[in-house]
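What follows is a single structure, written as structure tokens, with notes after it.
Because the structure is predicted, anything quoted here is derived from the model rather than measured. Proteins get letters first, then strands, A, B, ... in listed order; numbering begins at 1 in each.
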Amino acid sequence: MAFGKGHHLHLIDGSAYIFRAYHALPPLTRKSDGLPVGAVAGFCNMIARYVEGNGTSSDAPTHVAVVFDFSSKTFRDDIYPLYKANRPPPPEDLRPQFALTREATRAFNLACLETEGLEADDIIATLARQGREAGGRVTIISSDKDLMQLVGGGVEMLDPMKNLRITRDEVFAKFGVGPERVIDVQSLAGDSVDNVPGAPGIGLKTAAMLIQEYGDLDTLLARAGEIKQPKRRQTLIENADQIRLSRDLVTLKDDADLDVSLDALEQRDAEPEVLVEFLNRMEFRTLTKRIADKFKVEAPAAAPPPASGAAPMAAPKADVPFDATTYTAIRDAKTLSTWIAGAREQGYVAVDTETTALDEMVADLVGVSLALAPGKAAYIPLNHISGENDLFGGTARAEGQMDMGEALALLKPLLADPSVSKIFQNAKYDVKIFARLGLSVTAIEDTMLMSSALYAGLHSHGMDVLSEQHLGHRPIPIKSLLGSGKSQITFDRVPVDEAVKYAAEDADVTLRLWQKFRPELHVKRVTTVYETLERPLVQVLADMERAGVLVERDVLSRMSNAFAQKMAGLEAEIHQLAGRSFNVGSPKQLGEVLFDEMSLPGGQKGKTGAYATGAEVLEDLAAEGHDLPARVLDWRQLSKLKSTYTDALQDHINRETGRVHTSYSLVGAVTGRLSSTDPNLQNIPVRSEEGRRIRAAFVAPEGKSLISLDYSQIELRILAHMADIPALKQAFRDGHDIHAMTASEMFGVPIEGMDPMIRRQAKAINFGVIYGISGFGLARNLRIPRAEAQGFIDRYFERFPGIRTYMDRTIAEAKEQGYVETLFGRKINTPEINAKGPGAGFAKRAAINAPIQGSAADIIRRAMIRMPEAIKDLPAKMLLQVHDELLFEVEKGAEEAVIKVVKAVMEGAAAPAVHLDVPLIVDAGIGQNWSEAH
DNA sequence: CCCGTCACG
DNA sequence: GACGTACGTGACGGGA
């Protein structure tokens, strides 16, 4: 049947897929011979997901083609030899993968198109036109803006990453003109990535404006003499030829001679044997298995592993499929003893607990699962409730469960046995649950932390993500058992049979992840990071969280009331000033009041079409003497303090302990910093007077004090060390005021009697450097003209040339290796570093900042890990960490002794792994509450 | 569920 | 040369 009405053609931009896959994945090689196959693996995964998506879609294509660039040389190079001249050649390890992706495409039984002298975009343009003219629908699967000129008349685009349809509206949003004028705008604006010259000095915005005004490019060029701005007029007249050349470059060729007809692109299902053979030859074990399972064909035996150094573990087995029917329910002591004996024999076991809540401080244990080998997992139901209510409307214990005391008595020696590794996903959770039941766990392994050491910056580290990414298996979602929202039930109400499948699978997944990650830690050289910076913190943090911190409810409650009163007063004033009542807490409504109704200046609409009403905007308005924004700022401060702190903190006071127990995440921040949730105790107010009163509600109990110790300028010290800046290092060694010193060096003023304003500016620059400074950012921070800020930066780099070298070196390292490193070997992946466009700036600054922030994080981690041993004979407890600060609760009278020890541990935390060229200095404070101690 | 806003280092 | 920009987090309320 000829392609036509009712048919739907998908055109996939295959080359874009390859690059996306290459940059998104760590370098992966084929085990047997080291052939780089990471991009092929990513490509196959993307295609597999695409095909699966079609299978379940009501909008599936009838015809499909995957289109590739033939080579870098095209007809455009003949028109303009500099076309794409500044594009670097593809990386060495990507080149051999190009041919393999063609092979992969054919293995999926998809039409694979490429033509000499043409870019993929030209083939897509030609087929799109043919499809449109035949009366069918066409969807281009790509996010390449160069293809947007093809949209319209039955042709659409689909951004596969964002799963976003691109129609006229999106094109308009991107280019400011409809698809038919995209070429005109691109011809004017040019393209730095492809080296299309365009008109100098004219960007996307200006180009769109000009085309909107004159209708199209030819008219614009013909009437260029009428343009009012002299510079722009001259540019257009002088560069008319270059603009026309640019048009030839950006116009896609939609009448190319292709040796394929639309009809030949009819969608075909893959031949299972062919596809599985290819995937297996690539040694993509999980994908092979997934596809083989889907087609219900047998997966061939995996290729033999390389005969390198013998693994300490049993030889890796061929993949065992996930199969819930192989999971066991352990309902008696004898069976449990057998499993425990198995664990002892092999020296490791994956363990997972099921409980009634996410908060470990209140959750009750429902059951425990164990896994000994892939597919060999069991669940011990302990506290499930039966579905039927008993006579009194209460709940009855479900049948067939072991007595919890009996089960825990059997598990206790296993968990405590240092010769048996207990493997968890997020060990801290389970360790806390066990601790509350009087069981301690030694020899802890944690797949979440392994993932963090291996893949920080590439993906998150929850079980579902890890299982999908690394095992190609999507575990049973907890929601399918518990439901969600109001009708959500707790795990003890899940029928035991269901619970077995879910819980045992989690342990199974955890075990498989551990087996996969263990060798990877060595290959990627992050074993030390995992073993010295991640794993030992599990117990330390568990103890801190369980200790909690005392917070005075009455103080918070009184503040809440006071805030509410003040807010009501402010609200009335605000409404009066506005002339009507509205929700002060709604930025949307506030924006309308300020800029539409009161017509105040400076109304700027953001992406979502709402006015920006951030503190900076309101401060500017208030400074001009407007009262309403000033009142709103006051109201906002109170509202924030009340809702986030004085109200919410009260809800976090634990009923049993009367204290607040935060939860730290070891993997929340890519740099290695901890993060704190439920509640976040790392952002308790300190900068405002009102805020400090909240901090004062954190107290020491009767007979004790709080002591707070924090690193002074740790990030700047690390910068001085890493960038090797003699002047900065010397200033730190001499104990000088670093910001004053910077100011003195930069502006040539003496340190004695320095204008505080000058010092403030130097301080802002010092901070800016850590963040990957930009003139714009510094200007905004200091509220000075951008040129002036740039002047400061130039002078800074001139005075401290090592800083620039350090920044350049860090970015080069990120580009070369795909990651940056802290002083202690923690790797932070930078997948976006080679991105083009506005994202590039973000990625560069993040890459500059990560080693500095991350090294500081590593140092305080090292201090925390050594702390329990250092203070074990002192009456002190470590309670909180706030990035560069540690808070302790200490018996009265012992404060100075504790400070002496803690300070020594903190100041010496980099050694012996790293010898810093600068001293680390820790300041200490003592108080009855946190505000006094800080 | 996303966005704007704002608390911290 | 234009573009959009300081780094890293988490919690809250509004609004679709």
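- Across all strands shown, G768(A) has heavy atoms under 4.0 Å from base atoms, whether or not it also approaches the sugar-phosphate.
- Applying the ring-ring contact (aromatic ring centres under 6.0 Å, His included) test to H461(A) and every residue at least two apart in sequence or in another chain returns H459(A).
- In this view, Y819(A) satisfies the ring-ring contact (aromatic ring centres under 6.0 Å, His included) rule with no residue, not counting sequence neighbours.
- Contacts of I773(A) with the nucleic acid, taken as non-hydrogen atoms under 4.0 Å apart, include base atoms.
- Counted within 6.0 Å of NZ on K174(A), heavy atoms from surrounding residues, nucleotides or ligands total 12 or fewer; the atom is thus considered open.
- Both S643(A) and F767(A) sit near DNA chain C, but only F767(A) has its closest nucleotide nearer the 5' end.
- Around atom CD of Q589(A), more than 12 heavy atoms belonging to other residues, nucleotides or ligands sit under 6.0 Å away.
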Open item on the list: I'd like to compare against my own output: the B/S/- annotation of nucleotides 3-9 of chain B with a strict under-4.0 Å heavy-atom distance to protein.
Closed with: SSSBBBB
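- For the pair A648(A) and I793(A), nearest-nucleotide mapping onto DNA chain C gives the more 5' position to I793(A).
- Within the structure, the side-chain hydrogen bond (donor to acceptor under 3.5 Å, both in side chains) test picks out the following pairs touching residues 836-854 of chain A (sequence neighbours left out): T671(A)-Q853(A), N849(A)-Q853(A).
- The ring-ring contact (aromatic ring centres under 6.0 Å, His included) pairs that include a residue from residues 766-786 of chain A number zero, where partners must be two or more places apart or lie in different chains.
- Sorted by first then second residue, the side-chain hydrogen bond (donor to acceptor under 3.5 Å, both in side chains) pairs that include residues 630-640 of chain A, not counting sequence neighbours, are E573(A)-R631(A), T613(A)-R636(A), Q637(A)-S688(A).
- Considering only residues two or more places apart in sequence or on other chains, E360(A) meets the side-chain contact (heavy atoms from CB on, under 4.5 Å) condition with K428(A), Y429(A), K432(A), I433(A), E545(A), S663(A).
- Within 4.0 Å of A764(A), counting heavy atoms only, lies at least one base atom of the nucleic acid.
- Nucleic acid contact class of S676(A) (heavy atoms, under 4.0 Å, all strands): sugar-phosphate only.
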Task: Secondary structure of DNA chain C in dot-bracket form (Watson-Crick or G-U wobble, distances below 3.5 Å, | marking inter-strand pairs) - done: ......|||||||||.
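- Counting any heavy atom pair closer than 4.0 Å across all strands shown, S774(A) reaches a base atom.
- Applying the ring-ring contact (aromatic ring centres under 6.0 Å, His included) criterion to Y796(A), with sequence neighbours excluded, gives F800(A).
- Partners of F698(A) according to the ring-ring contact (aromatic ring centres under 6.0 Å, His included) rule, which considers only residues two or more places apart in sequence or in another chain, are W930(A).
- G201(A) comes within contact range of the sugar-phosphate backbone alone, with a heavy-atom separation under 4.0 Å but no base atom that close.
- The stretch residues 230-239 of chain A participates, sequence neighbours left out, in no salt bridge (Lys or Arg N to Asp or Glu O under 4.0 Å) pair at all.
- The span of DNA chain C lying next to chain A, judged by atoms under 4.0 Å from heavy atoms, is bounded 5' to 3' by dG1(C) to dA16(C).
- Atom name P, nucleotides dA6(C) and dC6(B): the rounded distance is 15 Å, in whole Å.
- Between dT5(B) and dT5(C), the distance separating the two P atoms is 14 Å to the nearest Å.
- Across all strands shown, D710(A) has no heavy atoms under 4.0 Å from either base or sugar-phosphate atoms.
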